[in-house]
Structures are given as structure tokens and as C-alpha cells.
Amino acid sequence: MPFVYVSNASEIYFTDLREPNPRARRIFAFHTPKELLDKLSSTSLRDRIQHLPALSSQDSKKLRDCQKDAIEGLEKSLKQNKQRALIQMATGAGKTFTACNFAYRLLSIAKAKRILFLVDRNNLGKQAKKEFDNFSPSADKRHL
């Protein structure tokens, strides 16, 4: 089996050796036999990210150049197995809309199970929620 567990009696770490750049992740319980079988029959998110297609011309039309560059740069960073990435854009450049588009790509194409979107102020959280609630990948009315 290509799975490795390491424990120090208080923490459990899991590594999937099939990943492009395997690393241990902390888990809270051992996987069940069914979960291990499911893992064996599917590819990892990291592997699926390696096969993300380039932005389509339809996607590119509704994005500003800086948004397209941000998404392409983030995907390039993830494909290089970098654990950290930063998108830096000017005020009003559409950071949240860019995040919506990237999250949509991760969820729909790479089949990510969940995404954590973090903000440091309540008003930013409300704005982000509104943007995500109004997001439609096929019909963004702001850029028509």
C-alpha cells in the first residue's frame, strides 16, 4: 500500500506516497478500510491539479488581464507543488471575483471537496459571501 502513518502517541500523520511531492499531513483518526480503498481507486487533489486545463477563451473573456494572470500564476504555483501562494492585487481589481473563479475551477474541474476562504474582518466576510452567492461561472453580468 502506498500509504504511510506516523504517530508520536498524541498526533497521527498520514502520507500518500502516490502524490507528486508526498508530505505528511496531520489527521485526527486512522482511515477506515473503506476510506483506504476509496483512496486507492481515486487520484489525489494534488494530482488532479497537475492536469487542470488552461483557462478557456470563454473564461478569459469575462476576466480582466490581472485576474487571468492571478489565476494562471496561482495554478502554476500549485502545479509546482508549492504549499503557499499569494495573490496581490490593487483595491478594486476584483480579488474576490478572482477567488470565486479559481474556487469554481478547483471544485468543478479538480473535484476539490472543500475550500477555506478566510477574511480578517466581518465586513469583508459579508462582501465575500455576497460575491460568492452571486457568482455564476457562465453569466457574469459585470463583464458583458
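Note that these values count all heavy atoms, side chains included, but never hydrogens, waters or copies made by symmetry. Note that the coordinates shown come from a computational prediction; the quantities given were computed from them, not determined experimentally.
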Under the criterion side chain to side chain contact (heavy atoms under 4.5 Å, CB included), I'd like the reasoning laid out for Lys34 against Leu37: C-alpha separation, chi angles, the key distance, then a yes or no.
CA-CA 5 Å; Lys34 182 182 180 325; Leu37 191 57; 5.6 Å; no
Hey, are Glu131 and Lys95 close enough for a salt bridge, meaning a charged N less than 4.0 Å from a carboxylate O?
no
[X] atom [atom1], over 12 foreign heavy atoms within 6.0 Å:
X      : atom1 : value
Gln88  : CD    : no
Asp133 : CG    : yes
Asn122 : CG    : no
Tyr104 : OH    : no
Lys126 : NZ    : no

Can you tell me how far apart CZ (Arg105) and CD1 (Ile71) are? Round to the nearest 0.5 Å.
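Rounded to the nearest 0.5 Å, the CZ-CD1 separation comes out at 7.0 Å.
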Nearest 0.5 Å please: distance from the CG atom of Asn81 over to the CD1 atom of Ile49.
9.0 Å
May I ask you to decide if the ring planes of Phe117 and Phe132 are parallel, tilted or perpendicular, using 30° and 60° as cut-offs?
perpendicular
With a 6.0 Å cut-off on ring centres, are Phe3 and Phe14 close enough?
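Aromatic pair counts; centres sit under 6.0 Å.
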Would Phe102 and Leu78 count as a side chain to side chain contact (heavy atoms under 4.5 Å, CB included) if you check the C-alpha gap in whole Å, the side-chain angles of each, and the deciding distance to 0.1 Å?
CA-CA 12 Å; Phe102 185 67; Leu78 292 175; 3.5 Å; yes
Quick check on the hydrophobic clustering: are Val4 and Leu36 connected, directly or via other members, by side-chain heavy-atom contacts under 4.5 Å?
no
